[in-house]
2 protein chains.
Amino acid sequence: MENNRYKDIPHKTIERLSQYRRALHICADKGKTNIFSHEIASLLHITAVQVRRDLMLIGYSGSLRKGYNINDLVRLIGDLIDSPEGQKVAIFGMGNLGRAIINYFQGKREKLTITAGFDINPEKTNRVIDGIYCYPVEKAVDVIHKEGIKIGILTVPGDQADETVNIMVDAGIKGILNYTPTPVEVPDDVYLEEYNMISSIEKVAFYVKENKS
Amino acid sequence: MENNRYKDIPHKTIERLSQYRRALHICADKGKTNIFSHEIASLLHITAVQVRRDLMLIGYSGSLRKGYNINDLVRLIGDLIDSPEGQKVAIFGMGNLGRAIINYFQGKREKLTITAGFDINPEKTNRVIDGIYCYPVEKAVDVIHKEGIKIGILTVPGDQADETVNIMVDAGIKGILNYTPTPVEVPDDVYLEEYNMISSIEKVAFYVKENKS
DNA sequence: CCATTTTTGTTATTCATTTAACAGTGCAAA
DNA sequence: TTTGCACTGTTAAATGAATAACAAAAATGG
């Protein structure tokens with residue numbers, strides 16, 4: 001019945017596929033045409049079994065003697081994780097973090113483009129920052145509707161997280177990546193991914209401390 | 001034999017404890033003295049069972065009728081995840097991302113301070129940026145040794161990740177948080193946490209696309 | 001032509017984490 | 001008193017993810 005045959009692929013596999021693709025692009029640029037599972041594994045510092053298992057899940061078969069064809073694999077990963085018509089992304093909060101993401105990301109992915117930025121600071125709004133036009137948040141609903149943006153990245157200060165998420169949801173955003181230290185809530189039909197940078201630092205600090213003893 | 005009684009606490013619990021503490025601080029500032037597991041849960045948008053289970057793991061008992069004492073709990077979490085003598089952190093790469101982390105983080109944690117920044121860009125080095133002194137990377141080994149820095153955050157461009165990690169490890173860094181799109185390798189005695197922002201965005205995009213159909 | 005090597009694809013197992021189930025406790029109201 | 005309620009703390013089950021184990025295939029070298 002369901003035609004979304006990929007629903008049961010583990011979240012972690014999806015993340016790794018994105019990383020495989022990046023590594024494969026680099027290999028292809030070097031003129032490589034084929035690659036073994038253990039080569040991919042060593043690029044990402046994971047195990048070859050995990051690579052093969054991930055590729056099994058997406059139904060790609062390599063050649064027994066030559067490994068995987070890089071171009072085919074890149075294409076297949078694209079078929080799986082990209083949307084053929086492309087997807088637009090908006091950044092909420094054009095501070096350092098928002099701009100860092102723009103610089104890391106923009107232009108690297110054919111099917112995923114950062115299309116708009118939003119901020120409340122009048123010094124930032126109504127002009128282009130790092131190649132992205134920055135609107136005042138009041139325009140968010142309009143712009144997001146008109147552009148058909150479905151993905152939003154939240155990089156505002158923690159105390160503005162909740163109100164900004166409400167705006168995003170109202171405007172029709174269906175996937176949010178929250179980099180704010182404040183956990184937020186969204187309706188069931190909105191996919192939410194939270195990443196708390198402060199917790200990550202504290203976690204590293206904890207394991208450093210523990211190893212020492 | 002082992003006196004590190006906390007070695008078997010799940011990684012995910014450590015992350016949440018850091019988040020509990022943040023939420024508890026906010027509650028304490030509002031004058032609250034006690035809190036129930038379901039209140040903490042709703043602040044973080046998780047379940048009350050999970051909160052109770054985490055607190056059980058660190059051996060804290062609340063009162064049946066009044067819930068948990070906020071001050072006691074904050075103190076206990078601190079005893080667990082903080083290092084009593086404090087820990088110093090260095091940022092490698094003082095671009096937008098490095099500065100975003102400084103601004104999110106600095107001054108928020110008593111026992112964890114960002115002490116130095118490093119960069120290769122001469123326009124950034126040998127001066128204070130966002131309150132942190134930025135050294136040229138050549139000075140890294142010296143400074144890290146002298147300051148006793150054990151934790152490093154990697155925010156350089158992807159193509160400089162490997163060489164920078166080597167410098168960090170040589171200098172004596174024992175915990176690395178890698179925000180670069182490039183996976184890196186470290187010796188066994190160095191704790192490594194990788195976070196790939198690009199994968200996260202692609203993951204959100206994937207689940208948005210899938211939900212649509 | 002057969003044994004050896006190398007690699008893939010898949011199933012089984014183990015490990016980690018979350019969720020569920022429920023016993024125990026103390027207060028409050030009848 | 002005692003019944004009900006709203007909690008906590010803990011054990012048990014379910015889910016999710018990584019790792020291990022191994023069969024099958026194809027090239028290579030004797």
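Worth knowing before you read on, the calculation uses all heavy atoms, side chains too, and leaves out hydrogens, waters and symmetry mates. Quick note on labels: first sequence line is chain A, next is B, and so on, each numbered from 1.
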Would you kindly give the [atom1]-to-[atom2] distance between [X] and [N], to the nearest whole Å?
X	N	atom1	atom2	result
A:Y60	C:dT8	OH	C1'	12 Å
A:I35	C:dT8	CD1	P	10 Å
A:I14	D:dG16	CD1	P	14 Å
B:L57	D:dT11	CG	C1'	12 Å
A:E39	C:dT7	CD	P	9 Å
A:D54	C:dT10	CG	P	14 Å
A:H38	C:dT5	NE2	P	17 Å
B:K12	C:dT19	NZ	C1'	14 Å

- Message: Counting the atoms with a prime plus P, OP1 and OP2 as sugar-phosphate, which does A:S61 contact under 4.0 Å by heavy atoms, base, sugar-phosphate, or nothing?
- Response: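 Result for A:S61 = sugar-phosphate.
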- Query: Reckon A:S63 touches a base, only the sugar-phosphate, or nothing at all at heavy-atom distances under 4.0 Å?
  - Reply: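 Sugar-phosphate, no base atom in range.
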Which of the following nucleotides, [options], is nearest to the side chain of [X]?
X	options	result
A:M56	D:dA18, D:dT11, C:dT10	C:dT10
B:R65	D:dG9, D:dC5, C:dG9	D:dC5
B:L64	C:dT10, C:dG26, D:dT19	C:dG26
A:R52	D:dC22, C:dT11, C:dT19	D:dC22
B:Q50	D:dA18, D:dT10, C:dT19	C:dT19
B:Y68	C:dT18, C:dT8, D:dT8	D:dT8
A:R16	D:dT8, D:dA18, C:dG9	D:dA18
A:V49	C:dT7, D:dA18, D:dA21	D:dA21

- Check against ring-ring contact (aromatic ring centres under 6.0 Å, His included), A:F36 and A:Y68: CA-CA 6 Å; A:F36 294 122; A:Y68 305 95; 8.4 Å; no
- Task: For the pair B:E85 and B:K111, find out whether any cationic side-chain nitrogen is under 4.0 Å from an anionic carboxylate oxygen.
- Result: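 Result for this pair is no, no salt bridge flagged.
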Are there any protein N/O atoms within less than 3.5 Å of an N/O atom in nucleotides 12-16 of chain C, and if so, which ones and at what distance?
none

- Query: Looking at CD of B:E185 and CG of B:N166, how far apart are the two atoms once the value is rounded to the nearest 0.5 Å?
  - Reply: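 One finds 10.0 Å between CD of B:E185 and CG of B:N166.
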- What do you reckon, is CD1 of B:I129 surrounded by more than 12 foreign heavy atoms closer than 6.0 Å?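 Counting other residues, nucleotides and ligands, CD1 of B:I129 exceeds 12 neighbours.
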- Query: Does NE2 belonging to B:H25 count more than 12 external heavy atoms closer than 6.0 Å?
  - Reply: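 Count over threshold, so yes.
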- Task: Go through the side-chain N and O atoms of A:Y104 and B:T180 and say whether any donor and acceptor fall under 3.5 Å apart.
- Result: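 Looking only at side-chain atoms, B:T180 and A:Y104 do not form any donor-acceptor pair under 3.5 Å.
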- Task: If a pair satisfies salt bridge (charged side-chain N to carboxylate O under 4.0 Å, His left out) and one of its residues is in residues 30-43 of chain A, list it, with sequence neighbours excluded.
- Result: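 Found A:K32-A:E39.
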- Could you go step by step and tell me if A:D82 and A:R75 meet the salt bridge (Lys or Arg N to Asp or Glu O under 4.0 Å) rule? CA-CA 10 Å; A:D82 290 335; A:R75 199 173 311 120; over 6 Å; no
